[in-house]
Undergrad: 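If you scroll down you'll find the structure; I have some questions about it.
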Amino acid sequence: MANLKQSELELDGRQIQYLEGGTGEPLVFLHAVGGSVPGAPFLEQLADNFHVYAPSAPGFDGSTGAVGSIVEVADVFAAFVKQVTDQPVQLVGESFGAVCALWLAARQPEAVRNLVAVAPFAFLPPGPPPRPLPPKELALRNFGPAPAVPDGFFTPEAGQQRARNAGQGVPLLKGNDPEVFRAALGKIEAPTLVLWSTEDQQVPPALATIYQDAIPRCSATFLPDSAHSLTLSATERFVPLVADFLATGELFVASVPGESR
């Protein structure tokens, strides 16, 4: 598997930390609310077929700078894309990163060749906030019982960094106006795959229909026996499924054993 190296670049006074590696078409991965996962097997496997870039949002991980909205985060990521490549990218985002990816594709459609949105954290049903979960239960919901993660992922220090990142990202997600977001989805031109776990306890998979209805060229696929983070809980199915979609676009037909459509 390809190794990704950590780098930094400056964007409008912000230092953006990112992982980079692999060869092939440019693929930009936008992380979940816990931040980037250096050494994650899914990134290294994607880098076997693509030139992968995985930037950290401002205020996350080692990236600096403040942002006031999820749209501003998407605009920073769009500027990142323009700085690292001069061609449309394969864009993949998970949860928080999926919302950023959808906004990026809506605001800069020419920058995106194909789009994969993994369990976007949006359009949650109204109601009181969920009760805080014990750390082990939260990890099980997010990552499943046997996630493919790098050494040190579950150390206290790594958990604290994910919590700091979430402290930056959750208010941005809460400020994402659902009706404005829904209207923006109609501006996405790229073939889009919405990908979800059938057992997702964080974001209901039934919400996939919103994206299918709103995005002109959108399909949905669901993976059983997985958790909210498909990148970590279902790596061996996630990577070939995504690579197949990115290679075929609208001609994509799910064919990975164990998933349903």
Side-chain angles (χ1 to χ4, degrees), residues 6 14-19 28-40 42-43 54-77 80 92-104 117-145 147-150 152-178 181 195-197 199-205 207 226-233:
Q6 186 170 290
R14 302 180 177 95
Q15 289 297 124
I16 301 299
Q17 185 181 80
Y18 65 99
L19 302 171
V28 174
F29 176 80
L30 304 183
H31 59 75
V33 77
S36 184
V37 186
F42 82 91
L43 285 174
S56 292
F60 288 67
D61 304 316
S63 293
T64 65
V67 287
S69 70
I70 199 82
V71 174
E72 190 175 353
V73 178
D75 288 347
V76 170
F77 282 142
F80 174 87
V92 182
E94 182 170 55
S95 194
F96 170 87
V99 178
C100 296
L102 289 158
W103 269 115
L104 192 164
V118 185
F121 210 104
F123 301 116
L124 295 184
R131 64 177 177 86
L133 296 174
K136 288 186 178 180
E137 184 177 349
L138 181 61
L140 187 64
R141 287 191 178 196
N142 280 330
F143 312 125
V149 296
F153 182 81
F154 287 114
T155 62
E157 294 77 13
Q160 290 165 9
Q161 181 61 62
R162 286 194 293 275
R164 286 192 292 271
N165 290 336
Q168 297 286 332
V170 169
L172 298 174
L173 291 169
K174 289 181 177 178
N176 187 37
D177 184 285
F181 186 41
L195 192 54
W196 232 292
S197 165
E199 287 89 29
D200 195 329
Q201 297 184 67
Q202 300 292 78
V203 185
L207 294 176
S226 53
H228 176 62
S229 173
L230 292 178
T231 59
L232 303 181
S233 69

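Computed from a predicted model, the values in this text were never measured in an experiment.
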Undergrad: What I want to find out is whether E157 reaches R164 closely enough, with some N-O distance under 4.0 Å, to be called a salt bridge.
TA: no
Undergrad: Rounded to the nearest 0.5 Å, what's the gap from OG on S69 to CG on N176? Could you check?
TA: 8.5 Å
Undergrad: Would V37 and H31 count as a side chain to side chain contact (heavy atoms under 4.5 Å, CB included) if you check the C-alpha gap in whole Å, the side-chain angles of each, and the deciding distance to 0.1 Å?
TA: CA-CA 8 Å; V37 186; H31 59 75; over 6 Å; no
Undergrad: Hey, does the Lys NZ or Arg CZ of R162 hover above the aromatic six-ring of F153, less than 6.0 Å from the centre and inside 45° of the axis?
TA: yes
Undergrad: CG of D61 to OH of Y18: how many Å apart, nearest 0.5 Å?
TA: 15.0 Å
Undergrad: Heavy atoms only: give me the nearest P171-A166 pair and the separation to one decimal.
TA: CD-O, 4.1 Å
Undergrad: Between S95 and H228, does any side-chain donor sit less than 3.5 Å from a side-chain acceptor?
TA: yes
Undergrad: Does the R141 side chain pair with the main chain of L133, one donor and one acceptor, at a distance under 3.5 Å?
TA: no
Undergrad: As an exercise, state the distance from CD of E137 to CG of N142, rounded to the nearest 0.5 Å.
TA: 11.0 Å
Undergrad: Going through the distances and angles, do Q168 and V67 end up as a side chain to side chain contact (heavy atoms under 4.5 Å, CB included)?
TA: CA-CA 9 Å; Q168 297 286 332; V67 287; over 6 Å; no
Undergrad: Taking all non-hydrogen atoms of both residues, which atom of S197 and which atom of A227 are closest, and how far apart?
TA: CB-O, 3.3 Å
Undergrad: Report the distance from atom CD1 of I70 to atom CG of L173, rounding to the nearest 0.5 Å.
TA: 5.0 Å
Undergrad: Measuring from F42:CZ to S229:OG, what's the distance to the nearest 0.5 Å?
TA: 7.0 Å
Undergrad: Please examine the side chains of T64 and P58, heavy atoms only from C-beta on, and report whether any two atoms are closer than 4.5 Å.
TA: no
Undergrad: Tell me, with the steps shown, if F77 and F29 meet ring-ring contact (aromatic ring centres under 6.0 Å, His included).
TA: CA-CA 10 Å; F77 282 142; F29 176 80; over 10 Å; no
Undergrad: Is the closest side-chain donor-acceptor distance between E94 and T231 under 3.5 Å?
TA: yes
Undergrad: Are any non-hydrogen side-chain atoms of V92 and V28 less than 4.5 angstrom apart?
TA: no
Undergrad: Identify the two heavy atoms, one from P120 and one from A117, that lie closest to each other, and give their separation to 0.1 Å.
TA: CG-CB, 3.9 Å
Undergrad: Quiz question: by atom type and distance under 3.5 Å, do the side chains of S63 and S56 form a donor-acceptor pair?
TA: no
Undergrad: With rounding to the nearest 0.5 angstrom, report the CZ to CG distance, F96 to N165.
TA: 9.0 Å
Undergrad: Can you say whether the rings of F123 and F181 are parallel (under 30°), tilted (30 to 60°) or perpendicular (over 60°)?
TA: parallel
Undergrad: Restricting to non-hydrogen atoms, name the atom on A57 and the atom on V73 that form the minimum distance, rounded to 0.1 Å.
TA: CB-CG1, 3.9 Å
Undergrad: Kindly give the heavy-atom pair with the smallest separation between V203 and L207, and that separation in Å.
TA: CG1-CD1, 3.7 Å
Undergrad: Taking all atoms of both residues into account, what is the closest heavy-atom pair of A40 and L232, and its distance?
TA: CB-CD2, 4.4 Å
Undergrad: Check the angle between the aromatic planes of F143 and F154 and answer parallel, tilted or perpendicular using the 30° and 60° thresholds.
TA: perpendicular
Undergrad: Is there a donor-acceptor contact under 3.5 Å linking the side chains of D75 and W103?
TA: no
